[in-house]
Undergrad: 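Structure below; questions to follow.
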Amino acid sequence: QVQLVESGGGLVQAGGSLRLSCAASLRTFNRAAMGWFRQAPGQEREFVATISWNGGTTDYADSVKGRFTISRDNTKNTVYLQMNSLKLEDTAVYYCGSRRYWLTGVTPNESEYDYWGQGTQVTVSS
């Protein structure tokens with residue numbers, strides 16, 4: 001059974017940092033692009049960042065460029081999201097997803113991601 005488990009969320013002051021982790025029990029992990037998405041209350045889930053199977057390609061939403069960094073460790077089946085200079089508007093539930101492994105490249109299109117974690121809450125306070 002495929003499982004993606006996010007961790008590392010919490011309450012942080014604006015300007016602070018958090019590092020999210022997503023551990024995947026996915027046989028195709030080291031062939032699949034991975035992504036982070038987030039959903040704020042009353043809003044639709046939105047793309048945050050994605051990384052290719054080997055870490056060679058990354059892409060970010062404009063709202064997080066320069067502040068967030070996605071990375072992965074294929075030996076640990078884990079993808080990370082380092083979040084710096086957090087803002088109030090970063091408050092959301094953060095989800096990791098795995099993209100269908102046979103698709104090349106990266107994409108912000110969540111319809112191409114077929115497995116999701118349960119999410120981890122990130123709350124940024126003033």
Side-chain angles (χ1 to χ4, degrees):
Q1 182 176 353
V2 174
Q3 276 192 314
L4 302 179
V5 180
E6 300 97 336
S7 61
L11 175 65
V12 63
Q13 285 192 323
S17 298
L18 281 176
R19 188 195 196 202
L20 305 184
S21 299
C22 172
S25 62
L26 182 65
R27 287 185 301 169
T28 56
F29 178 86
N30 61 5
R31 289 185 283 164
M34 298 294 293
W36 285 96
F37 292 74
R38 67 186 181 187
Q39 187 169 22
Q43 298 186 22
E44 294 187 351
R45 189 158 60 184
E46 66 175 5
F47 167 73
V48 175
T50 183
I51 187 167
S52 60
W53 67 274
N54 63 353
T57 302
T58 58
D59 190 22
Y60 298 90
D62 288 343
S63 59
V64 307
K65 278 181 182 175
R67 300 188 298 121
F68 291 10
T69 302
I70 189 170
S71 62
R72 66 189 295 162
D73 185 341
N74 285 352
T75 66
K76 296 181 179 179
N77 274 29
T78 302
V79 62
Y80 305 96
L81 185 68
Q82 178 66 44
M83 305 187 295
N84 298 329
S85 302
L86 282 161
K87 304 176 180 180
L88 296 178
E89 52 264 41
D90 294 320
T91 295
V93 178
Y94 283 71
Y95 299 90
C96 72
S98 65
R99 187 165 176 245
R100 297 179 187 122
Y101 69 91
W102 58 88
L103 298 175
T104 59
V106 295
T107 181
N109 184 355
E110 70 171 276
S111 68
E112 294 188 12
Y113 292 75
D114 49 5
Y115 295 109
W116 295 91
Q118 81 291 345
T120 185
Q121 176 70 47
V122 171
T123 302
V124 184
S125 65
S126 58

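If you read the sequence from its start, that first residue is 1, and numbering goes on from there. In what follows, every heavy atom counts, from backbone to side chain, and hydrogens, waters and symmetry copies are set aside.
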Undergrad: With sequence neighbours excluded, tell me which residues meet ring-ring contact (aromatic ring centres under 6.0 Å, His included) with Phe47.
TA: Phe37
Undergrad: Taking side-chain contact (heavy atoms from CB on, under 4.5 Å) as the test, write out the residues that go with Asn84, two or more places apart.
TA: Ser17, Gln82
Undergrad: Applying salt bridge (charged side-chain N to carboxylate O under 4.0 Å, His left out) as the test, list every pair that has at least one member in residues 38-58; sequence neighbours left out.
TA: Arg38-Glu46, Arg38-Asp90, Arg45-Glu110
Undergrad: Who are the side chain to side chain donor-acceptor pair (under 3.5 Å) partners of Thr75, not counting sequence neighbours?
TA: Asp73
Undergrad: Within a reach of under 6.0 Å around CZ of Arg31, are more than 12 heavy atoms found that belong to other residues, nucleotides or ligands?
TA: yes
Undergrad: Is a side-chain N or O of Glu6 found less than 3.5 angstrom from the main chain of Gly119, in a donor-acceptor match?
TA: yes
Undergrad: Between Arg72 and Asn54, is the side-chain contact (heavy atoms from CB on, under 4.5 Å) condition met? List the steps.
TA: CA-CA 8 Å; Arg72 66 189 295 162; Asn54 63 353; over 6 Å; no
Undergrad: Do Asp114 and Ser98 make a side-chain contact, defined as non-hydrogen atoms from C-beta onward lying under 4.5 Å apart?
TA: yes
Undergrad: Looking at Glu89, I want to see if its CD is surrounded by more than 12 non-hydrogen atoms of other residues, nucleotides or ligands under 6.0 Å.
TA: yes
Undergrad: Which heavy atom of Ala40 sits nearest a heavy atom of Ala92, and at what distance?
TA: N-CB, 3.8 Å
Undergrad: Could you tell me whether a side-chain N or O of Ser52 sits under 3.5 Å from a main-chain N or O of Gly56, the two making a donor and an acceptor?
TA: yes
Undergrad: Apply the hydrophobic cluster definition, ILVMFWY joined by side-chain contacts under 4.5 Å directly or through others, and give me every member besides Val12.
TA: Val2, Leu4, Leu18, Leu20, Leu26, Phe29, Met34, Trp36, Val48, Ile51, Tyr60, Val64, Phe68, Ile70, Val79, Leu81, Met83, Leu86, Leu88, Tyr94, Tyr115, Val122, Val124
Undergrad: My understanding is that only residues two or more places apart in sequence, or in another chain, count here; which of them pass side-chain contact (heavy atoms from CB on, under 4.5 Å) with Glu112?
TA: Arg99, Arg100, Leu103, Thr107, Asn109
Undergrad: Sub-3.5 Å donor-acceptor pair from the side chain of Ser25 to the main-chain atoms of Gln3, do we have one?
TA: yes
